[in-house]
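This structure is a prediction, so every number in the text was calculated from the model and none was measured. Sequence positions, counted from 1, serve as the residue numbers for this chain. Numbering of ligands and ligand atoms starts at 1, following listing order.
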Amino acid sequence: MRAPQAVTTVNSPAKANSITIDNLELTFPNGFVGLKSTSLHVPGGQFCTLLGPSGSGKTTLLRALAGLIAPTQGRIKIGDTDVTALPVQTRNIGFVFQNYALFPHMNVAENIAYPLKLHNWSAADRNARVKEILNLIELPHAGAHTVGQLSGGQQQRVAIGRALAYRPSLLLLDEPMGALDRRLRQQLGADLRDLQQRTGITAVYVTHDQEEAFILSDKIAVMSHGEILQYSTPRELYSHPRSRFVAHFLGEANLIEVESRLGDNVAATAYGPMTFSIPAGLQGKAESLALLVRPEDILFNSARTRDAALSQPLKVEVLRTLFLGSRCLVTVQTPDGKKILVECNKSDVPKAGTDVSITWDRSATVLIDS
Ligand SMILES: Nc1ncnc2c1ncn2[C@@H]1O[C@H](COP(=O)(O)OP(=O)(O)O)[C@@H](O)[C@H]1O
Ligand SMILES: [Mg+2]
């Protein structure tokens, strides 16, 4: 969305609210532990995404934040206010859910005005606000349209507009684009990010889609089995995942289990023709280390590296190649049977069945210990 000047102050929170979640635990009545000790801080005005596979606890954390379910232990603060014991309606939160459809019997303007009506806004104030919101979501002339006249993406924009109408202090979104196709998700994702930036609202967004999380987020909390495994910027998560799970969940990852230890003080570790020093902090964990190298960092038959991780290029056989449009993904196999993914330019794809060699920069190798 391009930014019309008039809407820069639409949400204008005096000060965007931060979120502080402190050692939150949640056990469901049936005894299932939905959240293990969970802590998270989202500074005011930031876009935070909860990313994880289905069943990892994302919705549970979002619902606890909203006040829809009560945690068993721990505290939640919005800004300086401890809201742990406050009911949902007093937390002043805007919601958008995948299945939280618009009211089909109301037109677009009535849908957006609905929460304002609940809060007893006057008709004049409601109308002015609906106009602002329609501009904000770039559907200035859609007020009188029925819901059925809108595309899926437009409906979702109206749902976001409706959530923002009452000037909430936080915006929570649970897989709001789950029902849309990929292209539309990318477009709406960019629109949503733009809208969040212009309103300056603090947002928490739930998705299982890594690409969506990358497009939208200031920071991503990667969840698995009711826990946040890592909370960091998209770049940091991609380049320095701290666990095999995070490495695999965010993009293609080659994880090479470390095979041997060199020397008694475990100062270095080895894989085939590679030796690698272990940073002091990880030296006690040599047994559980893996080396991560991303497919796009691996080079074929090349001496282009400045500081090759491998003392000799590794001889491998090309098993198969996958054409992905803008790039190719090649699976190669080492003599001892390890499969490694290599991303390459579509113009220099080796043939399946041929022998090639690979290497990569030392700086492209990350040590992972869990
Ligand atoms: N009311 C409930 N009672 C018992 N278990 C629940 C309840 N709600 C969710 N769960 C379980 O908690 C886990 C996390 O669910 P959820 O937060 O919805 O995951 P996600 O949103 O990441 O897909 C799942 O295993 C789910 O079955
Ligand atoms: Mg969910």
Colleague: May I ask you to identify the nearest protein heavy atom to atom 5 (N) of ligand 1, giving residue, atom name and distance to one decimal place in Å?
Modeller: Phe28 CD1, 3.3 Å
Colleague: Looking only at distances, can you tell me whether any N or O atom of Gly34, backbone or side chain, sits closer than 3.5 Å to an N or O atom of ligand 1?
Modeller: no
Colleague: Look at atom 26 (C) of ligand 1 and say whether a protein heavy atom is found at less than 4.0 angstrom from it.
Modeller: no
Colleague: Looking at Asn30, which atoms of ligand 1 are within less than 4.0 Å of one of its heavy atoms?
Modeller: 4 (C)
Colleague: Identify the closest protein heavy atom to atom 12 (O) of ligand 1: which residue and atom is it, and at what distance?
Modeller: Phe32 CE2, 3.3 Å
Colleague: Does some non-hydrogen atom of Gly52 fall short of 4.0 Å from ligand 1?
Modeller: no
Colleague: What distance do Ser217 atom OG and Arg193 atom CZ have between them, rounded to the nearest 0.5 Å?
Modeller: 7.5 Å
Colleague: Quick one: pull up CG in Leu40 and NZ in Lys219 and give me the separation to the nearest 0.5 Å.
Modeller: 8.5 Å
Colleague: At what distance, to the nearest 0.5 angstrom, does CZ of Arg185 lie from CD of Gln187?
Modeller: 13.5 Å
Colleague: Thinking salt bridges, do Arg198 and Asp194 make one under a 4.0 Å N-O criterion?
Modeller: yes
Colleague: Could you tell me if any non-hydrogen atom of Gly226 lies under 4.0 Å from any atom of ligand 1?
Modeller: no
Colleague: Using 2.8 Å as the threshold, say whether any N, O or S atom from Thr59 sits that close to the Mg ion (ligand 2).
Modeller: yes
Colleague: How far is atom 15 (O) of ligand 1 from the closest protein heavy atom, and which atom is that?
Modeller: Thr60 OG1, 3.7 Å
Colleague: In the protein, what heavy atom is nearest to atom 20 (P) of ligand 1, and what distance, to one decimal place, separates them?
Modeller: Gly55 N, 3.5 Å
Colleague: Could you go step by step and tell me if Glu212 and Arg182 meet the salt bridge (Lys or Arg N to Asp or Glu O under 4.0 Å) rule?
Modeller: CA-CA 10 Å; Glu212 221 168 271; Arg182 185 188 150 88; over 6 Å; no
Colleague: Please identify which of these residues, Leu116, Leu118, Asn111, meets the side-chain contact (heavy atoms from CB on, under 4.5 Å) condition with Tyr114.
Modeller: Leu118
Colleague: I'd like to check which ligand 1 atoms, numbered from 1 as shown, lie under 4.0 Å from a non-hydrogen atom of Ser56.
Modeller: 19 (O), 20 (P), 22 (O)
Colleague: Counting only heavy atoms not in Tyr231 (residues, nucleotides, ligands), do more than 12 fall under 6.0 Å from its OH?
Modeller: yes
Colleague: Around Lys131, counting heavy atoms of other residues, nucleotides and ligands shown, do more than 12 lie under 6.0 Å from its NZ?
Modeller: no
Colleague: Using a strict cut-off of 4.0 Å, indicate which atoms of ligand 1 neighbour a heavy atom of Pro53.
Modeller: 22 (O)
Colleague: Using 0.5 Å steps for rounding, measure from the CZ atom of Phe103 to the CD atom of Glu110.
Modeller: 11.5 Å
Colleague: Using a cut-off of 6.0 Å, state whether more than 12 heavy atoms not belonging to His105 lie near its atom NE2.
Modeller: yes
Colleague: Where on Pro29 is there a heavy atom closer than 4.0 Å to ligand 1, on the side chain, on the backbone, on both, or on neither?
Modeller: neither
Colleague: Heavy-atom contacts with Gly57 under 4.0 Å: which atoms of ligand 1 show up? List them by number with element.
Modeller: 14 (C), 17 (O), 19 (O), 20 (P), 22 (O)
Colleague: Students should be able to answer this: which protein heavy-atom is nearest to atom 21 (O) of ligand 1, and at what distance?
Modeller: Thr59 OG1, 2.8 Å
